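Structure record follows, encoded as structure tokens.
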Amino acid sequence: MLSVDVLTHAVTEVATQVASAAPDEPAGLMPARQQMALSLGWHIILACFGVAFPAMIFVIHLRGIRKNDPVALGLAQRWAKVSAVLFAIGAVSGTVLSFEMGLLWPGLMGKYGDVLGLPFAFEGLAFFLEAIFLGIYLYGWNRMPPKRHVLMVLPMAITGIIGAYCVLAVNAWMNVPTGFRLVDGEVTDVEPWKVLFNGHTFLQFAHMWVGAYMLAGFTIAGVYAVGMLRGRRDAHHRLGFMVPFVFASIAAVTQPFVGHVLGFGLDERQPAKLAAFELAETTESPSPLRLGGVMIDGEVKYSIDIPLLGSLIAMNSPDKPVPGLDTIPEEDHPPINMTHLAFQTMVGIGTLLAGAVVLFWVQRRRGKDLLEKRWFLRFAAIAGPLAVIALEAGWIATEVGRQPWIVYGIMRTPEAVGDYTASLWWLLGISTVVYTTMTIGAVVVLRSMARRWRAGDVDLPSPYAPDPEPASEPEAHR
């Protein structure tokens, strides 16, 4: 583990880089970066539920219909209400992000807006369609035939995937720009379909898509793990744990392979990012795998070096070297320590979660139920937060690792930002308060819903509604 002294050196190095670069940078660059990091880092968690939760709801609802299982139907109805709360909050943060793209980065959107317009338009359309079918699904309980009702979840799942894909297409374009030509500094010959179907998009989307199932699956399963730790070991909690945990398990063991394939060719696309990932100070053949460590004054310190593995994992070769930072102009270096530590945090947590699910299913096959073990339930309870940290670390690694470029090899980040001053710091402060308030509000609402459900109340009472009829939801779905 890194000592406090090592972390102090790393933070000091970053602060020194920021301070030394500040005179040459627009005044609004730092607050714009912090604002975007806050907004994206907060919104991406909700986006994961929008991508993965509908599929889990579909499976549990379908099980309820086919097996005439009132427990599964009850879970489906509750999960749909939770999904609606998360969707409503995500709509706020997503709307904020759409304004921030133009407000914070006018240089990017002013020049390349025509290039990026199509994926953003499709993302907005997918969002509205998802909202429509979520409303139909919520309203459809006791009002639609069961088999038709459950099918309303599928458009939610599909539109969630399409929306995420469109956003990832924009990010993939920023990493591998295509679909236009620059003639005398002007953007011409725009081909928006090439942006939407950029070959790099599919792998980047796959990595994010699988990560969304890890985050949502482990988080939802963790809620029921906490319930079981508190003595609630009924069918409701076991089923509520198992369905999302199955999704998370498949995602966790798949993710290392998807991430490895995504890294193919990174030495050619973004060699500085790969060098930062691997903390490759110089080009070595074969390159070692460096665990931990930081770069201080141009020298790697406190790392554990494993010979050969760097070349084998990063380059798919026993002796092909990882390009070193010494081969890249210093002005094109990303923040090295932040990129390296974020990447290793993602990989480390991902490996831990994959190992845990393999252990669970191997033991289950041997007839041992780890849900009876409190140590495993405790781990399952923290697996959700660990998945959140891994996802955030992965985005830090890929976005910070692309710096100093906002469009790789074409536009540097300082060229894209608006030349604002103190006003952006005020915006960041206000946004921090707003996001904190929404977080607290979401927690309060979800905990209130959980307390009512445990007390046996399915719906909130309405002061003006007629008395409910005796028909129950499970009966309507038999």
Side-chain angles (χ1 to χ4, degrees), residues 1-25 29-31 33-34 36-38 41 259 263 266-267 269-315 320-352 386 389-390 392-406 408 412-414:
M1 294 181 63
L2 293 177
S3 66
V4 174
D5 181 60
V6 174
L7 292 176
T8 301
H9 276 296
V11 172
T12 302
E13 182 192 26
V14 172
T16 302
Q17 290 175 351
V18 170
S20 62
D24 300 326
E25 293 177 348
L29 180 58
M30 183 53 65
R33 279 176 161 161
Q34 299 303 318
M36 207 69 188
L38 170 66
L266 190 59
D267 58 316
R269 295 194 306 271
Q270 296 180 3
K273 179 186 286 187
L274 179 61
F277 281 174
E278 303 298 325
L279 207 60
E281 178 186 358
T282 60
T283 304
E284 304 176 55
S285 180
S287 298
L289 173 65
R290 289 195 168 94
L291 300 179
V294 291
M295 185 169 288
I296 301 174
D297 298 327
E299 182 181 352
V300 177
K301 294 184 178 181
Y302 311 109
S303 68
I304 300 174
D305 292 4
I306 303 177
L308 305 176
L309 278 186
S311 291
L312 194 61
I313 295 175
M315 308 301 296
K320 188 176 180 181
V322 174
L325 289 163
D326 60 336
T327 64
I328 301 163
E330 189 171 352
E331 63 269 20
D332 291 339
H333 287 187
I336 298 164
N337 291 330
M338 184 184 298
T339 303
H340 171 68
L341 294 176
F343 176 74
Q344 294 218 325
T345 298
M346 176 191 69
V347 173
I349 293 176
T351 302
L352 173 65
L386 286 175
I389 294 171
E392 298 283 8
W395 273 104
I396 291 171
T398 191
E399 296 304 291
V400 174
R402 191 180 63 242
Q403 300 305 313
W405 305 97
I406 191 168
Y408 190 79
R412 292 180 180 268
T413 306

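Every value quoted in this text rests on a predicted model; they were computed, and no experiment measured them.
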Query - side-chain hydrogen bond (donor to acceptor under 3.5 Å, both in side chains) contacts touching residues 323-332 (sequence neighbours left out) - result: Asp332-Arg412
Query raised in the report: Which residues pass the salt bridge (charged side-chain N to carboxylate O under 4.0 Å, His left out) test with Arg33, sequence neighbours left out?
Result: none
**Report entry** Close side-chain approach of Met295 and Leu279, heavy atoms under 4.5 Å
**Finding:** yes
Query - Pairing residues for Thr345 by the side chain to side chain contact (heavy atoms under 4.5 Å, CB included) criterion, not counting sequence neighbours - result: Ile349, Ile389, Ala393
Query - For Leu274, all residues meeting side chain to side chain contact (heavy atoms under 4.5 Å, CB included), sequence neighbours excluded - result: Leu266, Asp267, Glu278, Ala314, Met315, Val322, Pro323
Report task. Heavy atoms only: give me the nearest Gln270-Arg402 pair and the separation to one decimal. Result -> NE2-CG, 4.0 Å
Query raised in the report: Once you round to the nearest 0.5 Å, how far does OG1 of Thr339 lie from NE2 of His333?
Result: 11.5 Å
Query - Reported OG1-to-CE distance for the pair Thr413 and Met36, which is rounded to 0.5 angstrom - result: 11.5 Å
**Report entry** Backbone of Gly292 reached by a side-chain donor or acceptor of His340 within 3.5 Å
**Finding:** yes
Query raised in the report: For Val347, which residues count as a side chain to side chain contact (heavy atoms under 4.5 Å, CB included) partner, sequence neighbours excluded?
Result: Phe343, Thr351
Query raised in the report: Which atom pair, heavy atoms only, marks the closest approach of Pro334 to Val400?
Result: CB-O, 3.5 Å
Requested in this report: Could you list the residues that satisfy side chain to side chain contact (heavy atoms under 4.5 Å, CB included) with Glu392, not counting sequence neighbours?
Outcome: Ile44, Ile45, Val388
